[in-house]
Protein chains: 2
Amino acid sequence: MPADDRRLQPRRKPSQVRAELTRERILTAAAHVFAEHGYAAGTTNRIAERARISIGSLYQYFPNKDAILAALLIQHIDRGAWAQADRLDLSPGSLKATVRALVRDAIDHHRDDPRLLRIMIEEAPLSQELLDTIDSHQKLRVAQVRDLLARHPDVRVRDLDTAANLINFTVEINTHRLMADPHAPAVETFESELIDMVTRYLAGSE
Amino acid sequence: MPADDRRLQPRRKPSQVRAELTRERILTAAAHVFAEHGYAAGTTNRIAERARISIGSLYQYFPNKDAILAALLIQHIDRGAWAQADRLDLSPGSLKATVRALVRDAIDHHRDDPRLLRIMIEEAPLSQELLDTIDSHQKLRVAQVRDLLARHPDVRVRDLDTAANLINFTVEINTHRLMADPHAPAVETFESELIDMVTRYLAGSE
DNA sequence: CACTATTGTGAGTAATAGCTCAGGTCTTTG
DNA sequence: CAAAGACCTGAGCTATTACTCACAATAGTG
């Protein structure tokens, strides 16, 4: 798979409002279709149909199917869903309170559409470009968490980087599962246990 | 997607040795092809080519492509990779030792071929039958872990079921990531931190 | 060896997907 | 208002895929 840089570039830059509107219709339609049918079965024709535009129009704004999912992912990232950890700094209470804020934050990220998010994460044909974008955001997030931990007096772990990595991923993925799994345990129960686990880990009492 | 019971049944039962051999060639070839190309791009023709048999033969043993992945998954499960937790009972040492055994166990499950396992988990078109099989195994595993926790004097958590669920998933998924992610942190570091997190959670010192 | 059952072959089929293009409609502009 | 350009349409092209079938080769049996 060669990383062709132009594979995800839009074909035309909308200049009129109606064009921008069409572009958005395509994206929202795609979000629904992918969420409902999955990526493979979420055909471009279906997307066009749902968006109530012709396939031709679709291909004026997106050079190929992959580019649509990519745009969806970028949109998700740019909306700040993954990197709004700044406000966590504003809650300097107990360690547990901080962790709780972290977990709540993660849950908020997944409220929109867990099914779509799952597909974006698991089925998306990730180009090198996209992978890099995601990776850098991930790194940023981990760094933020790391700094947060560094500033907190109660945190006692061997290695801050590893700890930040571990808890970030653990919180993220558990939340992900919680929202996506149909027969998952109750939200509140699971949330409090998750918070406890992370808190106790960070507190470091052996 | 209707859950057609016959969708995954083999088309012919091998009676001669060479037939059984062919069946195995197909499965190993499929494992390689899926691991390398993913499920969608892992075409049946490619599998047949790699197995050095004709597509016709392939379809004599598997009614469709999905059935091949299903067989691979069943194979993986039947090899006991997901439910050999019995031996954990044999390590009645400290809580940390028990947890360590749990984590090591998980790591062993993923040694074979993380890439293939990822595809089986994330891309497999899971029929209801398969889903049920997996689910029951999962439940069994969680129950085993639950009993393990129940028997250990140092475990202090609000709800054993939730705890078993949480740590089982967390250990599993973190291991999964550890093995699959190319630029993941060092194994030993991550392992010990993961063990600490779970242990401290279970010990329950607030 | 002769006959049958089992196993193997691979060109070909049907279905479907992603995507194009010739031509139409709507907006803007001078 | 008319020309130019932006935008939209959808039948259909091309490529690919899962899968079939008529036949050939091989193994078992008496």
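Numbers restart at 1 for each chain; the letters A, B, ... are given by sequence-line order, proteins then strands.
- Rounding to whole angstrom units, CZ of residue B/Arg23 and P of C/dT7 are separated by 13 Å.
- The CD1-P distance, from A/Ile47 to C/dC19, rounds to 11 Å in whole Å.
- B/His152 places no side-chain N or O within donor-acceptor distance of the main-chain N or O of B/Leu148, the cut-off being under 3.5 Å.
- Counting any heavy atom pair closer than 4.0 Å across all strands shown, A/Ser57 reaches a base atom.
- Straight-line distance from the CD atom of A/Glu20 to the P atom of D/dA6: 16 Å, rounded to whole Å.
- With hydrogens and angles ignored, the 3.5 Å screen pairs a side-chain donor or acceptor of B/Arg46 with a backbone N or O of B/Ala41.
- Taking every side-chain heavy atom of A/Gln16 into account, C/dT28 is the closest of C/dT28, C/dA17, D/dA18.
- Remark on DNA chain C: of its neighbouring residues A/Tyr39 and A/Gly56, the 5'-side contact belongs to A/Tyr39, judged by nearest-heavy-atom nucleotide.
- Over its length, the helix from C/dC1-D/dG30 to C/dG30-D/dC1 turns its helix axis by 10°, as judged from the five terminal pairs at each end, rounded to 10°.
- A/Thr175 pairs by the side chain to side chain donor-acceptor pair (under 3.5 Å) definition with nothing, not counting sequence neighbours.
- A salt bridge does not link A/Arg100 to A/Glu191: none of the charged side-chain nitrogens sits closer than 4.0 Å to a carboxylate oxygen.
- For the pair A/Leu21 CG and C/dT27 P, the interatomic distance rounds to 12 Å; values are reported in whole Å.
- Of the possible donor and acceptor atoms, one in the side chain of B/Arg25 sits under 3.5 Å from a partner among the backbone N and O of B/Ala51.
- Checking A/Ile55 against A/Ala19, the closest nucleotide of DNA chain D that is more toward the 5' end is the one next to A/Ala19.
- Across the protein-nucleic acid pair, A/Gln60 atom CD and C/dG24 atom C1' stand 12 Å apart, rounded to whole Å.
- For B/Arg25 and C/dT7, the CZ to C1' distance is 14 Å, given to the nearest whole Å.
- The side chain of B/Ser54 places no N or O atom within less than 4.0 Å of a non-bridging phosphate oxygen (OP1 or OP2) of C/dG10.
- At the heavy-atom level, B/Leu58 lies nowhere under 4.0 Å from the strands shown.
- Judged by distance alone, with hydrogens and angles left aside, the side-chain atoms of A/Asp181 form no donor-acceptor pair with the main-chain N or O of A/Arg177 at under 3.5 Å.
- The nearest whole Å value for the distance from the CG atom in B/Asn64 to the C1' atom in D/dT20 is 14 Å.
- A salt bridge between B/Glu36 and B/Arg115 is absent, with no side-chain N of the basic residue lying under 4.0 Å from a carboxylate O of the acidic one.
- Considering only side-chain N and O atoms, B/Thr22 lies nowhere under 4.0 angstrom from the phosphate OP1 or OP2 of C/dT7.
- In the set C/dC19, C/dA11, D/dA18, C/dC19 carries the atom at the smallest distance from any side-chain atom of A/Asn45.
- Summarising the geometry, the separation between CD1 on B/Ile53 and P on D/dC19 is reported as 14 Å, rounded to the nearest angstrom.
- For A/Asp135, the salt bridge (charged side-chain N to carboxylate O under 4.0 Å, His left out) partners two or more places apart in sequence, or in a different chain, are A/Lys139.
- Of the listed nucleotides (D/dG12, C/dT6, D/dC19), C/dT6 has the atom at the smallest distance from the side chain of B/Arg18.
- Between B/Tyr59 and the phosphate of D/dC19, there is a side-chain N or O to OP1/OP2 separation shorter than 4.0 Å.
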